[in-house]
Every structure is written in structure tokens, then in C-alpha cells.
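What follows is one structure encoded as C-alpha cells, with my remarks underneath.
Numbers for residues simply follow the sequence, beginning at 1. Worth saying up front: this structure is predicted, and the values here are computed from it rather than measured.
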Amino acid sequence: MTSPNIPGYLYGSDLLDPSPVSLEEFEKLKQSVMWSEEDAAHLRRAAQLLEPKIEEILDLWYGFVGSQPHLLAAFCGPDGLPNHQYLAAVRARFGQWIRDTCTRPYDQAWLAWQQEIGRRHHRQKKNRTDGVTAAETVPLRFLIALIYPIVATIRTFLTSDDLSEDQIDRMHAAWFKSVVMQVALWARAYAGPDDW
């Protein structure tokens, strides 16, 4: 799979540091969320349903973030106003994140990208990718809290007339597991190795 030409999107790039998370640690994390290869297959199926709806999904998510001043603050400049160029740049990568969640193998390249995403939410790298001046970090509590809306709202987009409720439930559960796992990996940027 080739990487799309999205500014700041470096999946699989040699410019990324390798993840400090060992495959053994990652395996334990997967076991902790009850991840299976069946989940990976369900996400690949979900990708077919989500791909044509990505802009609609992002409209919903951005509408939610935009309606919450404490969340929108991550995109605001020193004047307190949202930086629309920053929002647009992140939106392109957010759409690709949906694709990556569903289609990429969860391997060393994926782990390296998760580490980069975590750093870009934390003061280690926040704002640098897009060369903006905005809040210096996204508080970890909000990353964790956003698991719910990102998981709850996706189910509507997984529906299809030719799928049973059980099939939809399985895709939704796989999405939930993946999002929890990713936020756990992003949290490493916020914690020392002994605490993570």
C-alpha cells in the first residue's frame, strides 16, 4: 500500500523514529483489548463502508469538536481564534487515519506512526508539523475522553442493508478495540517508560 500525498503524513517514512514499544509489549496490549485477526478482517470490511463516507464522518467529528471550546482550543492561536488552515491540514490526516485504522497491518511501521501521532498531540511535537502557533498540547484527559464520540458515532456509518446486526456489531467492536489501543499507544508520549 502506498502512502497518499498528504502534507505532514509520514506513515512508513524513514524520517520517523522507530517505536520504543516492543512487539512483545504490543502483543500484551492487543491481548488486553481482546484483539484478534478476526478484528482485522472486520476492519477491512468496515473500510469499504467508511471510505465513501469519510468527509461526512469528519464533518460530524469536526462539528462536535468545534462546538466544544475546550476541545477547539487545541486549534486556536494566541488570539483565541481557530486557525482554519491548521484545522484543514489535520482534517486531511484525520481522514487518512480512518483508512489506516481499517487497512494497515498493525506492524512496526504502524507502531512508529502511532508514536508520531502521540507526539504530535503532546508538546514534544504539537504544532511543528504544520508550523502553527496554537495550544502547546492536547491534554491527555481529552484524548481519552474522545474515545467515546469517535467510537459511538462511527456505528451509524457502518450500516448497510446487506449486513446483519451481528456483522455491524463485529465491525463496530473491532473499531472500538483499535481506537482504545491507539490512544493507549499515543499516551506513551505523556508518560515516562516506567509509567507507561
Side-chain angles (χ1 to χ4, degrees), residues 1-23 25-27 29-30 32-33 35 39-40 43 46-47 50 54 57-58 61-62 64-65 71-75 83 85-132 134-151 153-154 174-193 195-196:
M1 178 182 291
T2 59
S3 291
N5 186 18
I6 297 172
Y9 180 73
L10 298 176
Y11 191 103
S13 169
D14 292 340
L15 298 174
L16 295 179
D17 293 331
S19 172
V21 177
S22 70
L23 290 177
E25 288 172 318
F26 184 42
E27 190 58 37
L29 181 59
K30 289 194 287 187
S32 297
V33 297
W35 180 261
D39 290 311
L43 282 180
L50 298 178
I54 285 178
I57 295 166
L58 293 173
W61 291 349
Y62 265 53
F64 174 71
V65 169
L71 298 177
L72 186 60
F75 298 98
N83 181 325
Q85 289 179 322
Y86 185 28
L87 283 161
V90 171
R91 182 180 173 117
R93 293 190 296 270
F94 206 0
Q96 186 59 39
W97 174 80
I98 295 170
R99 295 179 188 97
D100 290 345
T101 294
C102 293
T103 61
R104 295 283 190 182
Y106 291 5
D107 56 10
Q108 291 283 9
W110 187 82
L111 285 172
W113 186 235
Q114 299 314 307
Q115 174 180 258
E116 180 70 7
I117 292 172
R119 288 177 172 176
R120 289 182 184 190
H121 284 81
H122 186 264
R123 67 183 50 85
Q124 291 175 44
K125 287 197 166 184
K126 174 93 169 44
N127 303 327
R128 292 185 194 164
T129 299
D130 299 298
V132 299
E136 70 174 1
T137 195
V138 176
L140 180 59
R141 66 186 179 276
F142 297 148
L143 281 183
I144 294 168
L146 282 168
I147 291 172
Y148 180 76
I150 296 297
V151 170
T153 57
I154 205 73
W175 175 267
F176 189 3
K177 292 177 190 183
S178 179
V179 171
V180 169
M181 199 160 45
Q182 289 179 76
V183 172
L185 289 166
W186 301 346
R188 196 179 188 289
Y190 294 77
D195 295 321
W196 187 81

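Minimum interatomic distance between Phe64 and Leu146 (heavy atoms only, all atoms of both residues): CE2-CD2, 3.8 Å. Here the closest non-hydrogen pair linking Asn83 and Gln85 is OD1-N, 3.1 Å. Nearest heavy-atom pair, Ala74 versus Ala135, reported as atom, atom and distance to 0.1 Å: CA-CB, 3.9 Å. Heavy-atom minimum distance, His122 versus Thr137: CA-OG1, 3.4 Å. Summarising the geometry of Ala112 relative to Ser19, their closest heavy-atom pair is N-CB, 3.8 Å, with the distance given to 0.1 Å. The minimum heavy-atom distance linking Tyr11 with Asp107 is given by the pair OH-OD1, 4.0 Å.
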Query raised in the report: Does the pair Trp186 and Ile144 meet the rule for a side-chain contact (heavy atoms from CB on, under 4.5 Å), with working shown?
Result: CA-CA 10 Å; Trp186 301 346; Ile144 294 168; over 6 Å; no
Query - Trace of the side-chain contact (heavy atoms from CB on, under 4.5 Å) decision for Trp175 with Ile150 - result: CA-CA 9 Å; Trp175 175 267; Ile150 296 297; 4.0 Å; yes
Query - Test log, rule side-chain contact (heavy atoms from CB on, under 4.5 Å), inputs Ile54 and Arg99 - result: CA-CA 9 Å; Ile54 285 178; Arg99 295 179 188 97; 3.6 Å; yes
Requested in this report: Evaluate side-chain contact (heavy atoms from CB on, under 4.5 Å) for Ile117 paired with Leu185, printing each intermediate quantity in order.
Outcome: CA-CA 9 Å; Ile117 292 172; Leu185 289 166; over 6 Å; no
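Between the side chains of Glu25 and Trp196, no donor N or O sits under 3.5 Å from an acceptor N or O.
Here NZ of Lys30 is found 11.0 Å from OG of Ser178. Values are rounded to the nearest 0.5 Å. In this structure, Phe142 CZ and Ile147 CD1 are separated by 14.0 Å, a value rounded to the nearest 0.5 Å. The distance from atom CG of Asp100 to atom CH2 of Trp113, rounded to the nearest 0.5 Å, is 8.0 Å. Taken from CD in Gln96 to CZ in Arg104, the straight-line distance is 6.5 Å, to the nearest 0.5 Å. In this structure, OG on Ser22 lies 9.0 Å from CG on Leu111, to the nearest 0.5 angstrom.
The side chain to side chain donor-acceptor pair (under 3.5 Å) search around Gln108 returns none, not counting sequence neighbours. With sequence neighbours left out, the side chain to side chain contact (heavy atoms under 4.5 Å, CB included) criterion links Arg91 to Glu55, Leu58, Asp59, Tyr62. The side chain to side chain contact (heavy atoms under 4.5 Å, CB included) check on Ala40 picks up Trp35, Glu37, Arg44, with sequence neighbours excluded. Applying the salt bridge (charged side-chain N to carboxylate O under 4.0 Å, His left out) rule to Lys177 yields the partners Asp39; only residues at least two apart in sequence or on another chain are considered. In this view, Trp110 satisfies the side chain to side chain donor-acceptor pair (under 3.5 Å) rule with no residue, not counting sequence neighbours. Contacts of Arg120 classified as side chain to side chain donor-acceptor pair (under 3.5 Å), with partners at least two apart in sequence or in another chain: Glu116, Thr129.
Between the side chain of Tyr190 and the backbone N or O of His121, at least one donor-acceptor pair lies under 3.5 Å. Looking at Thr101, its side chain does come within 3.5 Å of a backbone N or O of Trp97 through a donor-acceptor pair.
Using a 4.5 Å heavy-atom cutoff, the side chains of Tyr86 and Asn127 are in contact. Between Leu43 and Tyr106 there is a side-chain heavy-atom pair separated by less than 4.5 Å. Residues Asp17 and Arg119 form a side-chain contact, since some pair of their non-hydrogen atoms from C-beta on lies under 4.5 Å apart.
One finds no salt bridge joining Lys126 and Glu136 here, because no Lys/Arg side-chain nitrogen approaches an Asp/Glu carboxylate oxygen to under 4.0 Å.
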